[in-house]
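Just so you know, ligand 1 is whichever comes first in the structure, and atom 1 is the first atom listed for that ligand. Sequential numbering from 1 along the given sequence is applied to the chain's residues.
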Amino acid sequence: MSDGFDRRYDPHALEASRQAAWRERDAFRTPALEDDQPHLYIKPSAPFTSGNVHIGHVRSYSIGDAYARFRRARGEAVLFSFGFDAFGLPAELGAIAGDELPSEWVKRCAEHMTGQLQRLGFSFDWERSFLSSDALMYRWSQWLFLKLYEAGLVYQGTGNVDWCENCQTTLASIQVEAGGTCWRCHGPVRLIQLPQWYLRISAYLEENDRRLAERRAGGTWDEVALASQEIVLGRVDGVEVDLRTSDGAQLTVFTPHAGAVSQASFVLMSPRSPHADEWAAEPAVHDQLDQLRSGGWERSAREAETIPVIDTGRALLHAGANELPVFISPLVDSRFGPTVVFGIPGEDRADEVIAQRMGLEPPAGDGRADSAAAGPAAGLTPGADGARADGATADGVAANGADAGGADLRPAVRCKAFDWVVSRQRSWGTPIPIVYCEACGTVPVPLEQLPVLLPLDIRPTGTGNPLAELEDFVQTTCPACGGPARRETDTLDCHFDALWLWVPACVPPDARADSLEDIFALPDLRYWLPSERVVAGSDSGNFVFDQRIVTKALRDIGPLAFLADGEPFAGCLFHEMVTADGRKMSKHLGNVVDPDELVERYGADTVRLAVLYAARPQKSLNWSDSAVLRCHRFLTQVWSYSQLKLAEAAERASEGDASPAAGDAKDTSEHLRVKLAQWRLAAIERTTEDMENLEMHSAVRNVMRLFERIKDFEKRVLARDGQLSRANREALIEALCVLAQLLGPLTPHIAEELWIAFGGEEHNAQTPWPGVSLQVPA
Ligand SMILES: [Zn+2]
Ligand SMILES: [Zn+2]
């Protein structure tokens, strides 16, 4: 263009030039600690080094980046960085498929994904990003393991694992096909018990539950996130009672059906209950329990119809005369955790099936058909009518006490969430820092000997654990007695690495190699933690739940003592996923949207705006090209209209502006100017509120509306006065400049380019929010 104003929107040139400018001025470096500076840490999800950034990542990081940029635009210091979750099965499988070493595979993937994310213009502090498989980083996992072990929060037990007899290997759950068969050989998969390392989350379940109520009251945890924490916890409210056998042995039994305790016909115990061995003491019974634990059972046999049930041959006295046989079955675990529960066929279909399988007579007057009669029968005492069967009210509990053989029912809670297995029989993971010595037994590796290095030349094949076959790794000396010892060859599940993945971003890169004790003493952690907001997919509930547990553990152990409530995240936004035609995107269905292709075609700003515009974060985003087309058209119009107005203004100025001044007889549109100013202010107010609440879809709509009103203003003035007065032109440019500022966090490239064209100065990180004056760096 001869006038210097390029009316054609060329996102590729524009975005390349903005990104070069950001690199040049190191725009996203985490600001230095300044105590009087408002500051916050926004935690994005840690992506798996899966190979490619997919549209779900784009959605997640577009939301997080818009929020980070918004807070910077208001003058706050923001920490925004992440680590790649690089250990684990996806990387191992990727490496096997590509016939590569896993260490090379993850490095290549991380580099490629970093390039993709940079092309999208996300404002991460890349200097702080890392791979969880870097030795400097996984020593955090090892340190955490040892600290938790020392505190009794990591322990050895036996646990169920999926096992393929053909392949002689344990399988991750995603390697088990829908029909309960092996992904490699399609043979049957059994659940067997192996020695495993556990994380004792049970110690903090009650507090996690209690603190969730505080999160709810705080208002910065969205509904999806709150609900996910409840689902993971799996809290079941009910009652418990102590029952005895005729020879005096005692057992505490739980049920959610407070009003139906008298209708119980058996007791069901989890094989993981601490009482299981004692109750299966009879040799023939114990054989069955051993068989259940070591031989396992068909993985598909998880329903009440097929799941193993062991009769202990013992019974508890109940309601005076009734005897309740005690059975052992893993059916309990998935429903109530590793506990002991009443079997009440009249209340529960699974219990009905078990009763039939074990040949129990339904108790007189019981059964579903006449449950109306069972209600009053149960309610010999006042208040325990059928309608209250599930309500463990204090009255109901006390009233039913007389019913349960004279014992007292008391309110009780069980949780499905329970200690989980942190070890895996796989090679691509953090080595567990434990050695086994014949003289000393299980010996933790001393902290000063960390990290226990993972040999990088291991080539996994999909069967067995190559680490266990590597004698150089396995053979070691005992740190306690100096004698020969063997290393633990299980590695940590990458879910364990995720327990700390939110912390290292707070550590300045030059302090990374320090001892972890020194790192925990840094003021940086106290400055940035807790994170103001974690922004992640709604499938992150487990991660966040366990991160909350471990924060409480590290608070009590000491390193995170400054987090009094043991909560790592003050706020939490969980967004739903991106679907196509209402279905999950998959290569198999051929409905995958490729972000690279979209960026190539429309530019990064359009793609970012489209994913923000198409749905509110808490809704799944059903992909359609119409959102992309709409957003591309919008940005194209904003660009060319702004350039046109700037060109006209420049032309007027060069001619010595002769257009009518305000108050001039030819300027009869002051009321329209006032109206435009009102619209402008309303747009700022609404968009600010939207951005504060991470309602980006609404923010985009408010910005689009402002643009319509700006154009409408010009149309009306022209219809009235035939031309724009100087005051009207200034008002219009001012409104367009505000529009660019509001777009700053959403479409940062075009926004900054326009901001500069309107005479704004380049700020270090971000175009300022309207009404905010940012310091321009010297
Ligand atoms: Zn197999
Ligand atoms: Zn020893």
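- Rounding to the nearest 10°, we obtain 110° for the angle at the Zn ion (ligand 1) between C164 SG and C182 SG.
- Residue H186: no N/O/S atom is found under 2.8 Å from the Zn ion (ligand 1).
- At the Zn ion (ligand 2), the angle from SG in C437 to SG in C481 is 100° when rounded to 10°.
- Contact check for W163 versus V189: no side-chain heavy atoms found under the 4.5 Å cut-off.
- Ring planes of Y149 and W197: perpendicular class, angle over 60° (limits at 30 and 60°).
- Between W420 and H495, the ring-plane angle classifies as perpendicular under the 30° and 60° cut-offs.
- When rounded to 10 degrees, the angle formed at the Zn ion (ligand 2) by SG (C440) and SG (C478) equals 110°.
- Ring geometry for Y61 against F82 counts as parallel: the plane angle stays under 30°, on a 0 to 90° scale with 60° as the upper cut.
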